[in-house]
2 protein chains.
Amino acid sequence: MVSLTEDTTPGGIAPLARRSTAEIVAERLREAIMHGGLAPGSQLGEIDLANRLGVSRGPLREAMQRLVQEGLLRSEPHRGLFVSTLDEEEIRDVYTARLAVEGAACQLIMRGDRALAVAELTSAHQRMVAAAAADDRVAFSDADQLFHQRLVAVSGSQRLERMAQTLLVETRMCLTALQETYRPSGDTVEEHRLLVDAIEQGDEQLLLERLEAHMTEAVERLTSAS
Amino acid sequence: MVSLTEDTTPGGIAPLARRSTAEIVAERLREAIMHGGLAPGSQLGEIDLANRLGVSRGPLREAMQRLVQEGLLRSEPHRGLFVSTLDEEEIRDVYTARLAVEGAACQLIMRGDRALAVAELTSAHQRMVAAAAADDRVAFSDADQLFHQRLVAVSGSQRLERMAQTLLVETRMCLTALQETYRPSGDTVEEHRLLVDAIEQGDEQLLLERLEAHMTEAVERLTSAS
DNA sequence: AAGTGTAGGATTGTCGACAATTCCCGTGGT
DNA sequence: ACCACGGGAATTGTCGACAATCCTACACTT
């Protein structure tokens, strides 16, 4: 039985608030869905998964209910749980919601700590540049996800951050499924840089326009590939 | 043991998709939190709740994990689950998120079926008027909630609708907690009517302005009372 | 041959009991 | 009077087993 509660902060004293098993398992499942370990549409056998994770069916089922609430899993009573599939319309919906959430985050950033935002996002952007240079698809997607995670995180809104997390997992799920056709592109890198620039300049209108353009471009790239 | 799976469509043939127990229990818990049956900050005893709902601890725990994921419950490992409390900052956060979600829904409505939206929202608005006339606080809150539920529902975005659901429950939780000071007001009724009017006119800019004003007013009413 | 009915197998849904951890409170010491 | 220190109770977390349900495949009827 593998230990699920590994302490991530060796020197830290404060993080005494260990997380519940269901939360940890849910995170593992999210990662698996994101990286394609659990393909869209596939059924999740409880006994198999429980054994693989080293936990019993109880905590596993609790974790799965979390993902059902998030929309990542679909529940068919007495049939089982399946990884959600995203058709073209759903992809558009994801990006519509992302635009709403991240747009609101941008507005908060403009009224808040812009310097912090620029610092955080520039750091994430540099990772994108490096990943693109190395032509590392996984690292590129990681950096892309990190960029948008930080965008909503520095907004300071817990709810926008939580909503964005789910949406980013869904986004990542698409990218992984279409891994063949999706490659690091200079355009994508540039789009993110333009966002940071707009924040630095303090031009809210410009920022929102560029964010919308960024989302539109992303949908275009994904739907044209499928 | 009481039957939880009551068929709502006697004559219908298609709706065979019965919902899972966890989903039903989660909905019951949401209602209880909304209406004050479970006060903010109070702990949820598992055995007691399970007995009261007529289910075992297993399904109940699964349902509770859903609410934890939604943010309605807070989990403290080995301590228990508590109903989330909302301080003033959190209330502002809720309305920030609501503005983002409902604003996006409004934009979709403007590009979609405006007539349907007007019909649905007018109907909900009439309930508000009636509740205000009868000075029925609960019915008034019900109508208010229904109005905003329909607003996101007619947008056609599943994700915006799901996000809004959680936010509306949190909103309702505040209203219930502050039930003493919150009363049906003509201003609130009028604000909703202005929203419907803006949709009917097809003026997106005006609609968004009025929506933002509506949210701001609501925050004002709630925070000044506490 | 096509469709229907039925038995088998497998999976999910549910339940009760056991183990682990935490908090409360009484006791003793300083 | 205050603080440190266990003992005990209550609650959560976990687990394995039982019951209900559904899919598959095969035999039977028309």
Side-chain angles (χ1 to χ4, degrees), chain A residues 1-7 13-29 32-33 38-39 41-69 72-84, chain B residues 1-7 13-29 32-33 38-39 41-69 72-84:
Chain A
M1 188 171 295
V2 69
S3 124
L4 283 171
T5 64
E6 15 192 348
D7 203 10
I13 306 176
L16 265 302
R18 289 202 316 255
R19 302 173 324 179
S20 77
T21 307
E23 186 173 347
I24 299 170
V25 173
E27 194 170 319
R28 292 267 176 114
L29 290 177
I33 292 175
L38 296 170
S42 63
Q43 183 172 6
L44 277 65
E46 294 186 353
I47 339 88
D48 180 42
L49 257 185
N51 291 341
R52 202 180 305 181
L53 288 166
V55 296
S56 184
R57 283 178 56 208
L60 174 62
R61 284 177 62 88
E62 293 174 16
M64 293 195 300
Q65 288 299 321
R66 283 198 180 206
L67 300 193
V68 170
Q69 180 62 37
L72 265 43
L73 261 44
R74 227 178 53 254
S75 168
E76 295 186 17
H78 293 289
R79 291 266 310 162
L81 290 149
F82 302 82
V83 181
S84 296
Chain B
M1 189 168 297
V2 69
S3 122
L4 285 169
T5 63
E6 11 192 352
D7 201 11
I13 306 174
L16 264 303
R18 286 195 323 246
R19 301 176 322 177
S20 78
T21 308
E23 186 172 346
I24 299 169
V25 172
E27 192 169 321
R28 292 267 175 111
L29 290 177
I33 291 175
L38 297 170
S42 64
Q43 183 173 6
L44 277 66
E46 294 185 354
I47 8 60
D48 180 43
L49 259 184
N51 291 341
R52 201 179 305 181
L53 289 167
V55 296
S56 183
R57 282 179 57 205
L60 173 62
R61 284 175 63 87
E62 293 174 15
M64 292 196 299
Q65 288 299 322
R66 284 197 179 209
L67 300 193
V68 170
Q69 180 62 35
L72 265 44
L73 298 179
R74 291 187 58 83
S75 167
E76 296 186 17
H78 291 98
R79 292 264 311 162
L81 290 150
F82 303 83
V83 181
S84 296

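Residue numbering restarts at 1 for every chain, and letters A, B, ... go by the order of the sequence lines.
- Here the nucleotide nearest the side chain of B:Arg61, chosen from C:dT12, D:dT12, C:dC23, is D:dT12.
- At D:dT12, one or more side-chain N or O atoms of B:Gln43 fall inside 4.0 Å of OP1 or OP2 (strictly under the cut-off).
- One can place CG of A:Asn51 at 12 Å from P of C:dT11, the figure rounded to the nearest angstrom.
- Residue B:Gly80 is in sugar-phosphate contact alone, with no base atom involved, counting any heavy-atom pair closer than 4.0 Å across all strands shown.
- Side chains of B:Ile33 and B:Leu73 form a contact here, defined as non-hydrogen atoms less than 4.5 Å apart.
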How does DNA chain D read in dot-bracket, base by base from 5' to 3', with Watson-Crick or G-U pairs under 3.5 Å and | used when the partner is on another strand? ||||||||||||||||||||||||||||||
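- Closest to the A:Thr21 side chain, of the nucleotides D:dT14, C:dT11, D:dG13, is D:dT14.
- Closest to the A:Ser56 side chain, of the nucleotides D:dT11, D:dG13, D:dC15, is D:dC15.
- If you measure from atom CG of A:Leu44 to atom P of C:dA10, you get 20 Å, rounded to the nearest angstrom.
- Rounded to whole angstrom, the span from the CD atom of A:Glu46 across to the P atom of D:dC22 amounts to 16 Å.
- Atom pair B:Ile47:CD1 and C:dT14:P shows a separation of 19 Å (rounding to whole Å applied).
- Within 6.0 Å of atom CZ in A:Arg74, more than 12 heavy atoms from other residues, nucleotides or ligands are found, so the atom counts as buried in its surroundings.
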Please determine whether side-chain contact (heavy atoms from CB on, under 4.5 Å) holds for the pair A:Arg79 and A:Gln43, giving the CA-CA distance in whole Å, both sets of side-chain angles, and the decisive distance to 0.1 Å. CA-CA 9 Å; A:Arg79 291 266 310 162; A:Gln43 183 172 6; 5.8 Å; no
Intermediate values then yes/no, side-chain contact (heavy atoms from CB on, under 4.5 Å), A:Met64 and A:Leu44: CA-CA 9 Å; A:Met64 293 195 300; A:Leu44 277 65; 4.1 Å; yes
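- Closest contact between the side chain of B:His78 and the listed nucleotides C:dT12, D:dT14, C:dT21 involves C:dT21.
- The distance between atom CZ of B:Phe82 and atom P of C:dT22, rounded to the nearest whole Å, is 14 Å.
- Here the nucleotide nearest the side chain of B:Val55, chosen from D:dC22, D:dT14, C:dC15, is C:dC15.
- Rounding to whole angstrom units, CG of residue A:Leu53 and C1' of D:dT14 are separated by 15 Å.
- Put simply, CG on B:Leu60 is 14 Å from P on C:dG16, counting in whole angstrom units.
- Atom CD of A:Glu76 is separated from atom P of D:dA20 by 23 Å (rounded to the nearest Å).
- In this structure, the side chains of B:Glu23 and B:Arg66 come closer than 4.5 Å at one or more pairs of heavy atoms.
- In summary, of the residues considered (B:Leu72, B:Val83, B:Leu49), a side chain to side chain contact (heavy atoms under 4.5 Å, CB included) with B:Leu29 occurs for B:Leu49 alone.
- The phosphate of C:dC23 has OP1 or OP2 within less than 4.0 Å of a side-chain N or O from B:Arg79.
- Heavy-atom nearest nucleotides on DNA chain D were determined for A:Arg57 and for B:Arg57, and the one closer to the 5' end corresponds to B:Arg57.
- Listed by chain and number, the residues in a salt bridge (charged side-chain N to carboxylate O under 4.0 Å, His left out) with B:Glu46 are B:Arg57, B:Arg61 (sequence neighbours excluded).
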